[in-house]
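Please read the structure below before turning to the comments.
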Amino acid sequence: MFRVAAIQYCAGDNAKDTLTNIQPLIAAAASRATLVTLPECASYLAASREQLATHAEWEDDSYSQNWLADQARQLGIWLLAGSLMIRRRDDQKLVNRSLLFGPDGSLVASYDKIHMFDADVGDDKSYRESACFTAGSTPVFAMIGDVPVGLSICYDVRFPHLYRQLALGGAKLLLVPAAFTAISGKAHWHILLRARAIETGCFVVAPAQSGTHADGRQTYGHSLIISPWGEIIADAGEGDAVISADLDLAAVAKARQAIPSLTTNPEIEPTRFIT
């Protein structure tokens with residue numbers, strides 16, 4: 001069994017305040033899990049693009065990254081910072097970066113979000129992530145002990161080819177930290193995550209933001225842990241919460257043997273138009 005936990009909360013627009021507020025949640029999760037996961041925008045969610053530009057942390061001098069590394073080391077856990085708003089030193093561009101820390105506090109893996117959230121979901125806000133961030137280009141795998149995992153962030157969940165690639169590369173667990181909007185979350189969150197689990201035969205852990213943030217956006221919550229058969233093992237609902245589960249990784253092989261879609265690659269005929 002592999003024990004995982006997902007932490008749900010409403011990040012403020014100040015990293016130090018947010019991290020101080022969630023420390024008891026991290027400690028509670030660490031008491032029951034080997035891997036503890038935080039949502040997208042783990043340390044803060046900026047009130048404006050202007051604030052984001054001034055608050056983004058340098059990749060080689062990040063208060064949030066250093067603080068979270070210390071938590072992983074002090075508590076002896078694997079810790080996923082769902083994402084931090086990071087400014088690269090080489091070109092000064094911003095990336096939405098997920099970071100995985102080992103129990104010794106070392107940075108084991110990092111992933112820059114590939115798919116930018118440019119959408120108008122009907123909440124009187126226009127989301128243009130590409131206006132602020134540079135998209136990543138490389139899928140990222142990591143080993144948590146002997147457990148192969150695939151990293152992703154939020155809007156990535158709408159692009160199934162990414163998760164198929166991660167599964168074909170060996171991932172048995174998919175991590176999908178998010179700050180899903182309330183409107184799109186109500187319509188799509190559970191469906192999309194269950195579909196990614198079913199398609200790949202992977203466990204899915206999706207820690208999420210929940211509440212009303214400084215920029216006025218409302219996030220959906222409902223952090224989820226899902227089995228390779230698409231069953232919801234745990235759902236955090238709304239508000240601050242910690243959910244956890246013991247994952248029997250043998251279920252991955254069982255699901256893939258039952259429906260071997262990952263090993264099926266039929267020849268597809270050219271499209272024929274019927275008139």
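Environment of CD in Glu59: crowded, with over 12 heavy atoms of neighbouring residues, nucleotides or ligands closer than 6.0 Å. Arg3 CZ: 12 or fewer foreign heavy atoms inside a 6.0 Å radius. No more than 12 heavy atoms of other residues, nucleotides or ligands lie within 6.0 Å of CG in Asp146, so this atom counts as exposed by the packing criterion.
Side chain to side chain, Tyr155 and Asn96 fail the donor-acceptor criterion of an N or O pair below 3.5 Å. Checked by atom type, the side-chain pair Gln51/Asp13 shows a donor-acceptor distance below 3.5 Å. Ser223 and Gln8 are linked by a side-chain donor-acceptor pair at a separation below 3.5 angstrom, with hydrogens and angles left out of the test.
Across all their heavy atoms, Leu84 and Ser43 have their closest contact at CD2-OG, 3.6 Å. Gln65 approaches Glu57 most closely through the heavy-atom pair N-OE1, 4.2 Å.
The side chain to side chain contact (heavy atoms under 4.5 Å, CB included) test with Leu38 is passed by exactly one of Leu79, Leu25, Leu80: Leu79. Of the candidates Val108, Val36, Val149, Val108 is the only one forming a side chain to side chain contact (heavy atoms under 4.5 Å, CB included) with Trp78.
Outside the 6.0 Å centre-distance limit, the rings of Tyr220 and Phe180 are not counted as a close aromatic pair.
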Next on the checklist: Applying side chain to side chain contact (heavy atoms under 4.5 Å, CB included) to Gln218 and Cys10, what does each step give before you reach the verdict?
Outcome noted: CA-CA 9 Å; Gln218 292 182 315; Cys10 181; over 6 Å; no

Next on the checklist: Go through it in stages, so that I can follow the logic: the residues are Ser106 and Phe101, the test is side chain to side chain contact (heavy atoms under 4.5 Å, CB included), and I'd like the CA-CA distance, side-chain angles, deciding distance and then a yes or no.
Outcome noted: CA-CA 5 Å; Ser106 63; Phe101 301 98; over 6 Å; no

Next on the checklist: Leu19 vs Ser64, test: side chain to side chain contact (heavy atoms under 4.5 Å, CB included). Steps then yes/no.
Outcome noted: CA-CA 8 Å; Leu19 293 173; Ser64 299; 3.9 Å; yes

Item to check | side chain to side chain contact (heavy atoms under 4.5 Å, CB included) between Asp156 and Val176, intermediate numbers included | outcome: CA-CA 8 Å; Asp156 284 333; Val176 195; 6.0 Å; no

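Salt bridge annotation for Arg32-Asp246: absent, with no cationic side-chain nitrogen under 4.0 angstrom from a carboxylate oxygen.
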